[in-house]
Amino acid sequence: MKLAAMLSAATLALPVSADPFESFGTTMKYGLPLAAAVCAVDQDRVEDFVVRGALQAALVLGMKRYFDGQPISRRPSGEGEGFPSGHTAAAFFGASDLAGKCFDDQPEAGALAYGAAGLTGWSRVHAGEHTAQQVWTGALIGFSFGAANFGIGTEGASFSVGMKF
C-alpha cells in the first residue's frame, strides 16, 4: 500500500514533451522527491528531509552559478549552467531517501527507485542537455544528501544507503 501511494505521487507531475524519454526524466526529477516527501511525512521526519533537500538544491544552484562560463559547465548545446545536472541531483536525492529510509526492507523497490534516477540522468544526456560528467556529479550530490540524516528532530545524525541484502 505504501509503495503504491508513493508511486502514485511520483507520477503526478507528468510533463508534455516531444520526447517521452525526456518527459520521463523530468517526471522523475519531481516525482522521486515527492514520493520521498510523502514517506518523510509518514515517518515524521519532515524537518530533516526539507533541510537536506534545500541544501542539496542550494548546492546545485550555487555550483551552476559559480562554474558558469567555465568549460565544465558548458552544455552540449553550447549553453551554460550545465554543471551539475539538477534533474539528476533531484532524482537521486529522492531515490536514495526512498531506498535508505522508506524501502529499507524492500530491496527491489529501492532498486526500482535507483533505476528511475539513473534513467533520469541518461535522459538528460540523451536530450543533449548535459554531459556524462555533469550527470555523474548531480547523481553524487543527490545521493549524498538523500542518504544522509542530519538528525533534525531526532536523536542523532547518520548516513544510510538503501537496498541492504
Side-chain angles (χ1 to χ4, degrees), residues 6-7 9-41 45-102 110-150 152 157 159-162:
M6 288 181 207
L7 290 176
T11 60
L12 287 177
L14 291 173
V16 177
S17 173
D19 182 359
F21 190 41
E22 187 176 356
S23 292
F24 172 82
T26 300
T27 300
M28 293 301 103
K29 171 190 176 182
Y30 297 108
L32 288 168
L34 179 60
V38 169
C39 177
V41 168
R45 54 182 184 81
V46 176
E47 297 88 357
D48 192 79
F49 178 84
V50 169
V51 168
R52 290 182 295 110
L55 288 173
Q56 178 267 147
L59 178 62
V60 168
L61 290 173
M63 289 176 71
K64 283 180 175 290
R65 301 300 187 277
Y66 181 79
F67 289 106
D68 192 30
Q70 302 297 317
I72 195 171
S73 193
R74 189 171 302 118
R75 295 173 185 262
S77 66
E79 295 177 31
E81 293 193 3
F83 182 79
S85 168
H87 280 68
T88 309
F92 269 91
F93 172 78
S96 60
D97 187 87
L98 286 168
K101 297 167 184 66
C102 305
L112 184 63
Y114 281 127
L119 287 172
T120 298
W122 186 14
S123 78
R124 304 306 290 162
V125 173
H126 172 78
E129 292 293 329
H130 290 287
T131 65
Q133 183 180 23
Q134 293 166 347
V135 164
W136 278 107
T137 304
L140 180 60
I141 292 168
F143 173 81
S144 298
F145 280 95
N149 178 1
F150 293 162
I152 299 169
F159 188 87
S160 61
V161 177

Chemist: Show the numbers, then the answer: is there a side-chain contact (heavy atoms from CB on, under 4.5 Å) between F150 and F145?
Modeler: CA-CA 9 Å; F150 293 162; F145 280 95; 4.1 Å; yes
Chemist: Compare every heavy atom of A90 with every heavy atom of P33, then report the nearest pair and how far apart it is.
Modeler: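 Heavy-atom minimum between the residues: CG-O, 3.2 Å.
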Chemist: Within the 4.5 Å heavy-atom criterion, are P76 and T131 side-chain neighbours or not?
Modeler: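 Yes, close enough: below the 4.5 Å cut-off.
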Chemist: Can D48 and R52 be said to form a salt bridge (Lys or Arg N to Asp or Glu O under 4.0 Å), step by step?
Modeler: CA-CA 6 Å; D48 192 79; R52 290 182 295 110; 2.7 Å; yes
Chemist: Would D68 and R74 pass as an ion pair if we require N to O under 4.0 Å?
Modeler: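 Salt bridge absent between D68 and R74.
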Chemist: What residue pairs, at least two apart or across chains, pass salt bridge (Lys or Arg N to Asp or Glu O under 4.0 Å) with a residue in residues 81-96?
Modeler: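 Listed by first then second residue: R65-E81.
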Chemist: Roughly how far, to the nearest 0.5 Å, is the OG1 atom of T88 from the CZ atom of R124?
Modeler: 7.0 Å
Chemist: If every non-hydrogen atom of A147 is compared with every non-hydrogen atom of S96, which pair is closest and at what distance?
Modeler: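 In terms of heavy atoms, the two residues are closest at N-OG, 3.4 Å.
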Chemist: How long is the span from the OG1 atom in T26 to the CG atom in D19, to the nearest 0.5 Å?
Modeler: 9.5 Å
Chemist: So, taking the atom named CD in Q134 and the one named CE in M63, what distance separates them when rounded to the nearest 0.5 Å?
Modeler: 10.5 Å
Chemist: Testing the basics here: between G86 and V60, what is the closest heavy-atom pair and its distance to 0.1 Å?
Modeler: CA-CG1, 3.8 Å
Chemist: So, using side-chain contact (heavy atoms from CB on, under 4.5 Å) as the criterion, who are the partners of A95 when residues are at least two apart?
Modeler: L32, A113, Y114, A117
Chemist: Are the side chain of K101 and the backbone of G146 linked by a donor-acceptor contact shorter than 3.5 Å?
Modeler: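 Judged by distance alone, yes, a pair lies under 3.5 Å.
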Chemist: Identify, with sequence neighbours excluded, every residue that meets side chain to side chain donor-acceptor pair (under 3.5 Å) alongside T120.
Modeler: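 For T120, no residue satisfies side chain to side chain donor-acceptor pair (under 3.5 Å) once neighbours in sequence are set aside.
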Chemist: Can you check side-chain contact (heavy atoms from CB on, under 4.5 Å) on Q56 and I141, steps first, answer last?
Modeler: CA-CA 7 Å; Q56 178 267 147; I141 292 168; 4.1 Å; yes
Chemist: Distance from L34 atom CG to C39 atom SG, nearest 0.5 Å?
Modeler: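 Rounded to the nearest 0.5 Å, the CG-SG separation comes to 12.0 Å.
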Chemist: For F93, which residues count as a ring pair (Phe, Tyr, Trp, His ring centres under 6.0 Å) partner, sequence neighbours excluded?
Modeler: F49
Chemist: Taking the side chain as every heavy atom from C-beta outward, state whether I72 and Q133 have any atom pair closer than 4.5 Å.
Modeler: yes
Chemist: Any side-chain heavy atom of K64 within less than 4.5 Å of one from S73?
Modeler: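 No, side chains not in contact.
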Chemist: Check whether any side-chain N or O of S123 sits under 3.5 Å from a backbone N or O of E22 as a donor-acceptor pair, and report yes or no.
Modeler: no
Chemist: Just to verify, what does F21 make a ring pair (Phe, Tyr, Trp, His ring centres under 6.0 Å) with, not counting sequence neighbours?
Modeler: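 For F21 the ring pair (Phe, Tyr, Trp, His ring centres under 6.0 Å) partners, ignoring immediate neighbours, are W122, H126.
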Chemist: Measuring from H130:NE2 to T137:OG1, what's the distance to the nearest 0.5 Å?
Modeler: 11.0 Å
Chemist: Please list, chain by chain and in numerical order, all residues satisfying salt bridge (charged side-chain N to carboxylate O under 4.0 Å, His left out) with R75, sequence neighbours excluded.
Modeler: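 Scan of R75 (salt bridge (charged side-chain N to carboxylate O under 4.0 Å, His left out), adjacent residues dropped) gives E129.
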Chemist: Minimum heavy-atom separation for F92 and F143, please, with both atom names.
Modeler: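 Looks like CB-N, 3.8 Å.
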Chemist: Heavy-atom count check: over 12 atoms from other residues, nucleotides or ligands less than 6.0 Å from E47 CD?
Modeler: yes
